[in-house]
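Note sheet for the following structure.
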There are 2 protein chains.
Amino acid sequence: MSDAFEITRLDDQGGKGFEKVFAFLRERLLAGSLKPGDRLIPERELAAQLGVSRPILREALRALTVLGIVEIRDRVGTIVRRPDISVLNDFFTFALSHRSDLMDDIVQARVAIECQSIRLAAERASVADLERLQAALRQIEETIDDVEAGGRADFDFHHAIVRASGSETLLVLYDSMSAVLMRSHLDRRHLVRVFDMRTYLIEDHKRVFDAIVGGNPEIADRSLREHFAIGDEFRRKLAIQGGRRADQPD
Amino acid sequence: MSDAFEITRLDDQGGKGFEKVFAFLRERLLAGSLKPGDRLIPERELAAQLGVSRPILREALRALTVLGIVEIRDRVGTIVRRPDISVLNDFFTFALSHRSDLMDDIVQARVAIECQSIRLAAERASVADLERLQAALRQIEETIDDVEAGGRADFDFHHAIVRASGSETLLVLYDSMSAVLMRSHLDRRHLVRVFDMRTYLIEDHKRVFDAIVGGNPEIADRSLREHFAIGDEFRRKLAIQGGRRADQPD
DNA sequence: GTATGCATCTTGGTCTGACCACGGTATGAA
DNA sequence: TTCATACCGTGGTCAGACCAAGATGCATAC
């Protein structure tokens, strides 16, 4: 355990044992003095130093494991982890099963990220980025009749845009939502059976690609928003027809 | 506790106590037979029925609280919650603290979120949202010579834009960056001492506000980007002068 | 000197039983 | 009927014990 993990007895004001321990650990870990792979001191010692019982400490540690912040290894100790988006699966699975409105909301964040990404991509995409986008376009064409693979191909194209932004932060945020967005793409691919969307899927993705190559951030942004708007329109038509709800635009 | 919560003793195969209890509870709650507001049976009873000790059950319940799936109320019981994306705030905070070291990069995400937010705000801001923005504008004027309070006021204005979007997701993402953004605002407030930025700070924030009130998403988006661009220009001037680096635009 | 086997240590995983805090409910007395 | 008190119920927490199993250290044999 790193010396940087300075233990102080928790003060007596406010909150219950768990809350104070959790907040303390969270802050200490956020302070950044511990790196992924570092091990915290043994539970018994940590609990004693923090002045709480071991089960309470364990509740706090367990909470941190669920957030992907640490990992408790049997008979080894508690190890600091690199944050991992897979922890979000449980949340999104639960959340979306109860609140379909959240999908629309998450898509706002998706739009935010992709539109800013495409602006950056128009300015700074590398040859490798463009090749990646081209490959994704080809994949969209090849999978036009396959719901599963097609949804995957759509996602890959959009992911490639975010990647082409060269922004680590935008990519982290986008990856955090990838499970939800994948689902969205799949649902939208089911619309292919209701409407003939092949032209839209193929041509419009190309149009977006051309806008990136064109190098003008505003035009690229606008082309992507138009792309989303068309997808929204298909969804609107389906809703008016009373058909099965498809969640989101491509 | 709803009758629908059928308890079975956990089987003996695979996994440790915690893992089995957590998986069982997660699945039962995902099955949807419990609604927000429903109460689980008392911990002692639930632990006995599941065949585990109470501390282990509590670890599992605590994990579920962190995922926002349930809420443990002191002396009442464990209540099923309505999913709320704000529980992911800690996750995003950690994810960004480990992966995004550069202020410039985080600001790309900030721009993405604010620009999408202002588009939504132009369409859907409530009276309360507008009042909040107005209050923040007044605060900017009143704190124009105070670095600390001024940085706070700037942040509050921008935060109010995100809030006016009405998007939980965008707000959570923004909040997870708030510590970094606060720093950015403070740093930028130091520029007031180098350049006379008062007009910019006061008038340009008003211009952004007016764009929101104007109700046109694209115009609002553009006005905010222009606002950032002006702030960038001040920063560029400082860099050319070789003065102290201020990190980012307002 | 080196290798192997056995005992001990370490650390998380879990259990048991006890106690605390405090709001809500029930009961008894006026 | 109303008010006061006692009890109950439930989560919050503690202390101490035990288990499992890998790692380490020590002793013995080759």
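Order of the sequence lines fixes the chain letters, A, B, ..., with proteins taken first and strands second; residue numbering starts at 1 for each chain.
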L50(A) atom CG is separated from dC14(D) atom P, nearest whole Å, by 11 Å
From the list dT11(C), dT16(C), dT13(D), which nucleotide is the closest neighbour of the side chain of P55(B)? dT16(C)
Calculate the interatomic distance between R75(B) atom CZ and dG24(C) atom C1'; express it in whole Å. 10 Å
What about H205(B) and H158(B), are their ring centers closer than 6.0 Å? yes
Nucleotide nearest P42(B) when distance is taken to its side chain, options dG11(D), dC15(C), dT14(C): dG11(D)
K20(A) has an atom NZ; how far is it from atom P of dT13(D), in whole Å? 9 Å
When rounded to whole Å, the CD to P distance for the pair E43(A) and dC18(D) reads 19 Å
Could you state the atom-to-atom distance from CD1 of I41(A) to C1' of dT10(C) in whole Å? 14 Å
With a cut-off of 6.0 Å (strictly less than), are more than 12 heavy atoms of other residues, nucleotides or ligands near CZ of R132(A)? yes
Taking atom types as they are modelled, would you say the side chain of R44(B) forms a donor-acceptor pair with the base of dG11(D) within the 3.5 Å cutoff? yes
Using only heavy-atom distances, determine whether the side chains of T143(B) and D146(B) contain a donor-acceptor pair under 3.5 Å. no
Would the number of heavy atoms belonging to other residues, nucleotides or ligands and lying under 6.0 Å from CZ of R62(A) be above 12? yes
Between dG23(C) and R73(B), counting only base atoms on the nucleotide and side-chain atoms on the residue, is there a donor-acceptor pair under 3.5 Å? no
Atom CG of L61(A) and atom C1' of dG13(C): how far apart are they, to the nearest Å? 13 Å
Could you tell me whether the phosphate oxygens of dC15(C), OP1 or OP2, come under 4.0 Å of any side-chain nitrogen or oxygen in S53(B)? yes
Closer than 4.0 angstrom, basic N to acidic O: yes or no for E168(B) and R99(A)? yes
E59(A) vs D74(A), nearer the 5' end of DNA chain D by closest nucleotide: E59(A)
Rounded to whole Å, please give me the gap between CZ in R58(B) and P in dC15(C). 15 Å
When the distance from CZ of R54(B) to P of dC15(C) is rounded to whole Å, what number comes out? 13 Å
